[in-house]
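Within every chain, numbering begins at 1; the chains are lettered A, B, ... in the order of the sequence lines, protein sequences first and strands thereafter. Just the heavy atoms: all of them, side chains too, but no hydrogens, waters or symmetry mates, feed the values below. Note that the structure is predicted; figures quoted are calculated from it, not measured.
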2 protein chains.
Amino acid sequence: MTIAETSKKYGLTADTLRYYERIGLIPPVPRTKGGVRNYDDASCGWIELVRCMRSAGVQIEALIEYGALCRQGEGTEERRKEILLEQRALLLGRMEKMQRSLDRLDYKIANYDQILRGK
Amino acid sequence: MTIAETSKKYGLTADTLRYYERIGLIPPVPRTKGGVRNYDDASCGWIELVRCMRSAGVQIEALIEYGALCRQGEGTEERRKEILLEQRALLLGRMEKMQRSLDRLDYKIANYDQILRGK
DNA sequence: TCTTGACCTGGAGTACGCTCCAGATGATAT
DNA sequence: ATATCATCTGGAGCGTACTCCAGGTCAAGA
């Protein structure tokens, strides 16, 4: 797959895909003889995971460390799990704050509903 | 209340409080004769709301517009409600993405649990 | 072969939301 | 009165995560 196709498939710009590779967020993508990126299933798998995590706000740094450990292979499982647990806790914390804001928004919206209905 | 006290009370730095005021995210705070900020209940109310919304990731721009409309007074309720509904939708969308990531993290963590237990 | 469009790299620029700083002034304890 | 600390303003700087660009190479159709 070319970068244009991959970009379309995952809804990330070509620049973002190159950026992710450049900073080591995804492993080096295989190239054609001419040096053009040719995304394979392995690359796509990483991209898909990264897209999911990034869309939820998981920090790039954590994902880089996790990916590096995966590529290092055995013996790194403990630390990998630790990273995932950390990110899980961060996500939960943020979701709680969002829930509080959501409740507050709902309350205010209900108020405006009443005010505007009374008009 | 001084800025130091307000900072402590809401867990925002003095710099952040001044920044919020500077950009119009909260209305101008009353001053002593000497020009020192003296946070009153109205100021604190705005700060508390803003802190809640910002901690959930609501964009500053939306909060500025909402605050400006509130200060404009009557006739702006429709637009105010619209803003709140927009932000509500954005929050929900982000929470869904986070939930998807969370599920994925849980799945992976369970995997590592198994791997590490088997060792 | 030529042209046109996609892709390459390295590096600079951008948006957001703070965060820090300098130099000056205000407030407070002695 | 003086020293010390808090606060003031305007403006520069920073971290994160992209996003854009220039100048060059690759590839596919006519």
### Message
Base contacts versus sugar-phosphate-only contacts with protein, heavy atoms under 4.0 Å: please encode nucleotides 11-30 of chain D as B, S and - from 5' to 3'.
### Response
B-----BBBB-----SS---

Looking at [X] and [Y], does any basic side-chain N land under 4.0 Å from a carboxylate oxygen?
| X | Y | answer |
| --- | --- | --- |
| B/E21 | B/R18 | no |
| B/E5 | B/K8 | no |
| B/K9 | B/E48 | no |

### Task
Apply side chain to side chain contact (heavy atoms under 4.5 Å, CB included) to A/T6 and A/V29, showing your working.
CA-CA 12 Å; A/T6 310; A/V29 174; over 6 Å; no

### Task
Looking at every strand, decide which applies to A/A14 at a 4.0 Å heavy-atom threshold: base, sugar-phosphate, or nothing.
nothing

### Separation of D/dT7 P from B/E21 CD (nearest whole Å)
14 Å

Distance-only donor-acceptor hits, side chain of residues 110-117 of chain B, under 3.5 Å, sequence neighbours excluded:
{"unit_1": "B/Y112", "atom_1": "OH", "unit_2": "A/Y66", "atom_2": "OH", "d": "2.9"}
{"unit_1": "B/Y112", "atom_1": "OH", "unit_2": "A/R80", "atom_2": "NH1", "d": "2.9"}
{"unit_1": "B/D113", "atom_1": "OD1", "unit_2": "A/K81", "atom_2": "NZ", "d": "2.5"}

### Query
In Å, rounded to the nearest 0.5 Å, how long is the span from CG of A/D103 to CD of A/Q99?
4.5 Å

### Task
Decide yes or no for B/R104 and A/L49: does some side-chain heavy atom of the first lie under 4.5 Å from some side-chain heavy atom of the second?
yes

### Message
A side-chain contact here means heavy atoms from C-beta on lying under 4.5 Å apart; do A/L17 and A/R37 qualify?
### Response
no

### Message
Distance under 4.0 Å to a non-hydrogen atom of chain B counts as contact; along DNA chain C, which nucleotides mark the start and end?
### Response
C/dG17 to C/dA27

